[in-house]
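In what follows, a single structure is set out as C-alpha coordinates and then discussed.
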Amino acid sequence: MSKPEHRVKGVDHAAFPTFDPVGTVRFYRDVLKFPVVHSICAAGWGPERHPDFIHFFFDIGNGDRIAFFYYFGFQPPGGAGGTGDAYATFTDDVPQFFINSRHLAIHVDDEQDLLEYRRRLDESHWPVEMQVMHETIESVYTHDPNGYLVEITRSLRPVTPQEDLDAALTVEALVDVASGPEPSMDKLLARKAELIVQRATGWEQEQERAGGAKEMTRP
Amino acid sequence: MSTLFVLDVPENVTIPQVAAQDPAVAVDRIGPYFRIASPTAIVIDRRATGCRHAVWYSAIAGLIDSRVTQHDKDALRVEDR
(Lines give C-alpha, C1' and ligand atoms only; values in the text may rest on other atoms or scores of the structure.)
Protein backbone atom coordinates (compact mmCIF):
# COMPACT_ATOMS: atom_id res chain seq x y z
CA MET A 1 0.00 0.00 0.00
CA SER A 2 1.48 3.35 -1.01
CA LYS A 3 2.12 6.02 1.59
CA PRO A 4 0.12 9.26 1.57
CA GLU A 5 1.69 12.40 0.15
CA HIS A 6 1.35 14.26 3.46
CA ARG A 7 3.30 12.15 5.96
CA VAL A 8 4.63 14.48 8.64
CA LYS A 9 3.40 14.05 12.21
CA GLY A 10 3.45 17.41 13.97
CA VAL A 11 6.27 19.15 15.82
CA ASP A 12 9.28 17.06 16.84
CA HIS A 13 10.82 20.05 18.60
CA ALA A 14 10.95 23.81 18.27
CA ALA A 15 14.24 25.18 19.62
CA PHE A 16 15.14 28.56 21.13
CA PRO A 17 18.20 30.01 22.86
CA THR A 18 18.05 31.01 26.54
CA PHE A 19 20.30 33.11 28.75
CA ASP A 20 18.08 32.37 31.77
CA PRO A 21 17.97 28.60 32.27
CA VAL A 22 16.77 29.00 35.87
CA GLY A 23 13.74 31.08 34.86
CA THR A 24 13.11 28.85 31.86
CA VAL A 25 12.96 25.69 33.99
CA ARG A 26 10.77 27.43 36.57
CA PHE A 27 8.37 28.61 33.87
CA TYR A 28 8.01 25.43 31.80
CA ARG A 29 8.65 22.69 34.39
CA ASP A 30 7.42 24.22 37.66
CA VAL A 31 4.65 26.62 36.59
CA LEU A 32 3.22 25.00 33.45
CA LYS A 33 4.14 21.48 34.67
CA PHE A 34 5.60 20.45 31.31
CA PRO A 35 7.72 17.32 31.93
CA VAL A 36 11.45 17.48 31.19
CA VAL A 37 11.85 14.72 28.62
CA HIS A 38 15.33 14.95 27.16
CA SER A 39 18.62 16.77 27.53
CA ILE A 40 22.06 16.84 25.97
CA CYS A 41 25.22 18.04 27.73
CA ALA A 42 27.58 18.84 24.90
CA ALA A 43 31.16 20.03 24.79
CA GLY A 44 31.87 22.65 22.17
CA TRP A 45 33.38 21.05 19.11
CA GLY A 46 34.27 21.55 15.51
CA PRO A 47 36.51 23.92 13.60
CA GLU A 48 34.41 26.90 14.65
CA ARG A 49 34.76 28.19 18.21
CA HIS A 50 31.64 26.79 19.86
CA PRO A 51 30.79 27.08 23.57
CA ASP A 52 29.83 24.12 25.72
CA PHE A 53 26.07 23.92 25.91
CA ILE A 54 23.03 22.24 27.41
CA HIS A 55 20.13 21.39 25.11
CA PHE A 56 17.02 20.61 27.15
CA PHE A 57 13.51 19.64 26.19
CA PHE A 58 10.01 19.94 27.67
CA ASP A 59 7.03 17.87 26.56
CA ILE A 60 4.24 20.10 25.18
CA GLY A 61 1.76 17.27 24.69
CA ASN A 62 1.14 14.86 21.86
CA GLY A 63 4.80 13.83 22.08
CA ASP A 64 5.82 17.25 20.72
CA ARG A 65 8.57 19.22 22.47
CA ILE A 66 9.90 22.72 23.07
CA ALA A 67 13.66 22.82 23.44
CA PHE A 68 16.23 25.34 24.64
CA PHE A 69 19.95 25.90 24.15
CA TYR A 70 21.98 27.31 27.01
CA TYR A 71 25.56 28.19 26.01
CA PHE A 72 28.06 28.47 28.89
CA GLY A 73 29.91 31.77 28.96
CA PHE A 74 28.15 33.16 25.91
CA GLN A 75 26.66 36.62 26.41
CA PRO A 76 23.62 37.91 24.53
CA PRO A 77 24.81 39.30 21.20
CA GLY A 78 24.52 43.05 20.95
CA GLY A 79 21.08 43.68 19.55
CA ALA A 80 19.37 46.63 18.03
CA GLY A 81 17.56 47.97 21.08
CA GLY A 82 15.46 47.52 24.17
CA THR A 83 12.51 45.43 22.97
CA GLY A 84 12.38 41.85 21.76
CA ASP A 85 13.57 38.57 23.26
CA ALA A 86 16.63 36.43 23.97
CA TYR A 87 17.08 35.74 20.27
CA ALA A 88 16.72 39.23 18.84
CA THR A 89 16.13 42.77 20.03
CA PHE A 90 14.63 45.73 18.24
CA THR A 91 14.64 49.49 18.45
CA ASP A 92 11.57 51.14 19.94
CA ASP A 93 10.21 52.17 16.54
CA VAL A 94 9.56 48.51 15.58
CA PRO A 95 5.86 47.92 16.25
CA GLN A 96 4.83 45.37 18.85
CA PHE A 97 2.47 43.55 16.45
CA PHE A 98 5.51 42.68 14.34
CA ILE A 99 7.63 41.53 17.28
CA ASN A 100 4.76 39.39 18.60
CA SER A 101 3.98 37.89 15.20
CA ARG A 102 6.52 35.13 15.83
CA HIS A 103 5.23 33.00 18.68
CA LEU A 104 4.45 29.45 19.75
CA ALA A 105 0.80 28.46 20.33
CA ILE A 106 0.18 25.33 22.37
CA HIS A 107 -3.16 23.56 22.02
CA VAL A 108 -5.52 22.50 24.84
CA ASP A 109 -8.74 20.55 24.44
CA ASP A 110 -11.32 22.75 26.14
CA GLU A 111 -12.15 25.81 28.23
CA GLN A 112 -11.50 23.98 31.50
CA ASP A 113 -7.93 23.24 30.45
CA LEU A 114 -7.37 26.76 29.11
CA LEU A 115 -8.48 28.20 32.45
CA GLU A 116 -6.28 25.73 34.35
CA TYR A 117 -3.19 26.99 32.49
CA ARG A 118 -4.39 30.54 33.04
CA ARG A 119 -4.58 29.80 36.78
CA ARG A 120 -1.07 28.33 36.83
CA LEU A 121 0.34 31.39 35.05
CA ASP A 122 -1.60 33.88 37.13
CA GLU A 123 -0.16 32.38 40.32
CA SER A 124 3.39 32.72 38.95
CA HIS A 125 5.81 35.52 38.07
CA TRP A 126 4.48 35.34 34.51
CA PRO A 127 0.73 36.06 34.73
CA VAL A 128 -1.51 36.04 31.66
CA GLU A 129 -1.22 39.34 29.80
CA MET A 130 -4.20 38.87 27.48
CA GLN A 131 -7.15 36.52 27.05
CA VAL A 132 -8.63 36.87 23.57
CA MET A 133 -11.63 35.37 21.80
CA HIS A 134 -10.49 35.15 18.16
CA GLU A 135 -12.62 34.03 15.19
CA THR A 136 -12.74 30.34 16.08
CA ILE A 137 -10.24 29.99 18.93
CA GLU A 138 -9.80 31.42 22.43
CA SER A 139 -6.27 32.11 23.68
CA VAL A 140 -4.27 33.29 26.67
CA TYR A 141 -0.87 34.91 26.21
CA THR A 142 2.19 35.64 28.26
CA HIS A 143 5.90 36.15 27.68
CA ASP A 144 8.23 33.48 29.06
CA PRO A 145 11.39 34.46 31.00
CA ASN A 146 13.24 34.78 27.68
CA GLY A 147 10.77 37.28 26.28
CA TYR A 148 9.23 34.72 23.89
CA LEU A 149 5.49 35.15 23.43
CA VAL A 150 3.68 31.96 24.42
CA GLU A 151 0.03 31.35 23.51
CA ILE A 152 -2.19 28.62 24.91
CA THR A 153 -5.30 28.12 22.82
CA ARG A 154 -8.49 26.08 22.48
CA SER A 155 -10.81 25.65 19.51
CA LEU A 156 -14.30 27.07 19.92
CA ARG A 157 -15.61 24.54 17.38
CA PRO A 158 -14.23 22.06 14.84
CA VAL A 159 -12.99 23.48 11.53
CA THR A 160 -15.54 22.96 8.74
CA PRO A 161 -14.68 21.73 5.20
CA GLN A 162 -15.68 25.08 3.67
CA GLU A 163 -13.02 26.78 5.79
CA ASP A 164 -10.38 24.57 4.16
CA LEU A 165 -11.64 25.66 0.74
CA ASP A 166 -11.64 29.29 1.85
CA ALA A 167 -8.09 28.99 3.17
CA ALA A 168 -6.91 27.43 -0.11
CA LEU A 169 -8.51 30.26 -2.13
CA THR A 170 -7.05 32.91 0.19
CA VAL A 171 -3.55 31.50 -0.17
CA GLU A 172 -3.88 31.22 -3.94
CA ALA A 173 -5.09 34.83 -4.15
CA LEU A 174 -2.25 35.92 -1.85
CA VAL A 175 0.37 34.27 -4.06
CA ASP A 176 -1.18 35.94 -7.11
CA VAL A 177 -1.30 39.47 -5.67
CA ALA A 178 2.05 39.17 -3.86
CA SER A 179 3.61 38.19 -7.21
CA GLY A 180 2.41 41.50 -8.68
CA PRO A 181 3.04 45.14 -7.85
CA GLU A 182 1.88 46.77 -4.59
CA PRO A 183 -0.04 43.92 -2.97
CA SER A 184 -3.04 45.04 -0.89
CA MET A 185 -6.10 43.61 0.85
CA ASP A 186 -8.25 45.28 -1.80
CA LYS A 187 -6.43 43.44 -4.60
CA LEU A 188 -6.54 40.17 -2.67
CA LEU A 189 -10.31 40.34 -2.12
CA ALA A 190 -10.88 41.11 -5.81
CA ARG A 191 -8.69 38.16 -6.89
CA LYS A 192 -10.28 35.88 -4.30
CA ALA A 193 -13.76 36.75 -5.60
CA GLU A 194 -12.67 35.57 -9.07
CA LEU A 195 -11.49 32.28 -7.57
CA ILE A 196 -14.77 31.89 -5.62
CA VAL A 197 -16.76 32.33 -8.84
CA GLN A 198 -14.54 29.80 -10.64
CA ARG A 199 -14.33 27.14 -7.93
CA ALA A 200 -16.92 27.36 -5.17
CA THR A 201 -19.88 25.79 -6.98
CA GLY A 202 -17.81 22.88 -8.27
CA TRP A 203 -16.32 22.35 -4.81
CA GLU A 204 -19.77 22.12 -3.24
CA GLN A 205 -20.96 19.63 -5.89
CA GLU A 206 -17.83 17.57 -5.23
CA GLN A 207 -18.60 17.59 -1.49
CA GLU A 208 -22.15 16.46 -2.17
CA ARG A 209 -20.93 13.67 -4.44
CA ALA A 210 -18.41 12.56 -1.79
CA GLY A 211 -21.17 12.69 0.83
CA GLY A 212 -23.43 10.70 -1.49
CA ALA A 213 -20.70 8.11 -2.06
CA LYS A 214 -20.33 7.72 1.70
CA GLU A 215 -24.07 7.26 1.99
CA MET A 216 -23.94 4.50 -0.60
CA THR A 217 -21.09 2.62 1.08
CA ARG A 218 -22.78 2.70 4.47
CA PRO A 219 -23.94 -0.83 5.39
CA MET B 1 -23.52 46.66 -8.63
CA SER B 2 -21.90 46.33 -5.20
CA THR B 3 -21.08 42.69 -4.45
CA LEU B 4 -19.31 40.93 -1.62
CA PHE B 5 -18.85 37.33 -0.56
CA VAL B 6 -19.08 36.02 3.01
CA LEU B 7 -18.22 32.41 3.91
CA ASP B 8 -21.07 30.38 5.38
CA VAL B 9 -19.76 29.49 8.85
CA PRO B 10 -21.72 29.78 12.12
CA GLU B 11 -20.04 33.05 13.17
CA ASN B 12 -21.01 34.80 9.89
CA VAL B 13 -24.64 33.82 9.37
CA THR B 14 -26.11 37.02 10.81
CA ILE B 15 -24.16 39.16 8.32
CA PRO B 16 -26.24 38.31 5.21
CA GLN B 17 -29.38 38.37 7.38
CA VAL B 18 -28.72 41.94 8.50
CA ALA B 19 -27.67 42.99 4.98
CA ALA B 20 -30.92 41.59 3.55
CA GLN B 21 -33.00 43.89 5.75
CA ASP B 22 -32.32 46.50 3.07
CA PRO B 23 -34.86 45.67 0.32
CA ALA B 24 -32.33 46.67 -2.36
CA VAL B 25 -29.97 43.90 -1.22
CA ALA B 26 -30.15 40.42 -2.74
CA VAL B 27 -28.51 37.46 -1.02
CA ASP B 28 -27.86 34.16 -2.79
CA ARG B 29 -25.14 31.55 -2.71
CA ILE B 30 -22.15 30.41 -4.72
CA GLY B 31 -21.01 27.12 -3.22
CA PRO B 32 -20.44 27.64 0.50
CA TYR B 33 -20.36 31.45 0.16
CA PHE B 34 -23.15 33.99 0.60
CA ARG B 35 -23.19 36.49 -2.26
CA ILE B 36 -24.52 39.85 -1.04
CA ALA B 37 -25.33 42.25 -3.89
CA SER B 38 -27.05 45.59 -4.33
CA PRO B 39 -27.41 48.21 -7.08
CA THR B 40 -26.54 50.78 -4.39
CA ALA B 41 -24.14 50.73 -1.45
CA ILE B 42 -24.33 47.78 0.95
CA VAL B 43 -24.28 48.94 4.57
CA ILE B 44 -24.22 46.41 7.41
CA ASP B 45 -24.50 47.46 11.06
CA ARG B 46 -22.02 45.49 13.18
CA ARG B 47 -24.03 45.60 16.40
CA ALA B 48 -27.11 44.27 14.61
CA THR B 49 -25.05 41.27 13.46
CA GLY B 50 -23.83 40.57 17.00
CA CYS B 51 -20.38 39.76 15.56
CA ARG B 52 -17.46 40.20 17.92
CA HIS B 53 -14.57 42.20 16.53
CA ALA B 54 -12.33 39.29 15.46
CA VAL B 55 -15.19 37.83 13.41
CA TRP B 56 -16.28 41.19 12.03
CA TYR B 57 -12.90 42.25 10.72
CA SER B 58 -12.27 38.95 8.94
CA ALA B 59 -15.72 38.36 7.46
CA ILE B 60 -15.18 39.56 3.87
CA ALA B 61 -14.20 36.72 1.54
CA GLY B 62 -14.23 38.60 -1.75
CA LEU B 63 -15.31 41.73 -3.67
CA ILE B 64 -16.60 41.92 -7.25
CA ASP B 65 -16.07 45.34 -8.88
CA SER B 66 -16.57 46.81 -5.42
CA ARG B 67 -14.55 48.46 -2.69
CA VAL B 68 -14.78 48.79 1.07
CA THR B 69 -15.41 52.41 2.02
CA GLN B 70 -16.03 51.79 5.73
CA HIS B 71 -15.08 48.85 7.92
CA ASP B 72 -14.98 49.80 11.59
CA LYS B 73 -16.64 48.86 14.87
CA ASP B 74 -19.90 50.46 13.70
CA ALA B 75 -20.46 49.31 10.15
CA LEU B 76 -19.24 47.73 6.93
CA ARG B 77 -19.93 49.72 3.77
CA VAL B 78 -19.25 48.29 0.30
CA GLU B 79 -19.74 50.37 -2.85
CA ASP B 80 -19.24 50.16 -6.59
CA ARG B 81 -15.61 50.46 -7.53
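Order of the sequence lines sets the chain letters (A, B, ...), proteins ahead of strands, with each chain counted from 1. Since the model is a prediction, treat every value here as computed from it, not as a measurement.
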Contacting region of B/R29 [heavy-atom separation from chain A under 4.5 Å]: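 Just the side chain, heavy atoms under 4.5 Å.
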
Which atoms of B/I64 approach chain A - backbone, side chain, both or neither, heavy atom under 4.5 Å: both

When only pairs under 4.5 Å are counted, which of [options] shares the most heavy-atom pairs with chain B?
| options | result |
| --- | --- |
| A/E163, A/M185, A/R199 | A/E163 |
| A/D166, A/V197, A/L195, A/T201 | A/D166 |
| A/T170, A/T160, A/L165, A/L188 | A/L165 |

Name of the residue among A/D85, A/T24, A/D20 meeting side-chain hydrogen bond (donor to acceptor under 3.5 Å, both in side chains) with A/N146: A/T24

Could you tell me whether [X] and [Y] have their ring centroids closer than 6.0 angstrom?
| X | Y | value |
| --- | --- | --- |
| A/Y28 | A/F58 | yes |
| A/F68 | A/H55 | no |
| A/H13 | A/F57 | yes |

Any side-chain donor near an acceptor of the partner, A/D164 and A/Q162, under 3.5 Å: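 The criterion, which ignores hydrogens and geometry beyond distance, is not satisfied for A/Q162 and A/D164.
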
Donor-acceptor pair between A/S139 and A/E151 side chains, under 3.5 angstrom: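 Yes - a donor-acceptor pair under 3.5 Å links their side chains.
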
Partner chain A: residue of B/S66, B/G31, B/A59 with the largest heavy-atom pair count (under 4.5 Å): B/G31

Heavy-atom proximity to chain B below 4.5 Å, by part of A/E135: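 For A/E135, heavy atoms of backbone and side chain both lie under 4.5 Å from chain B.
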
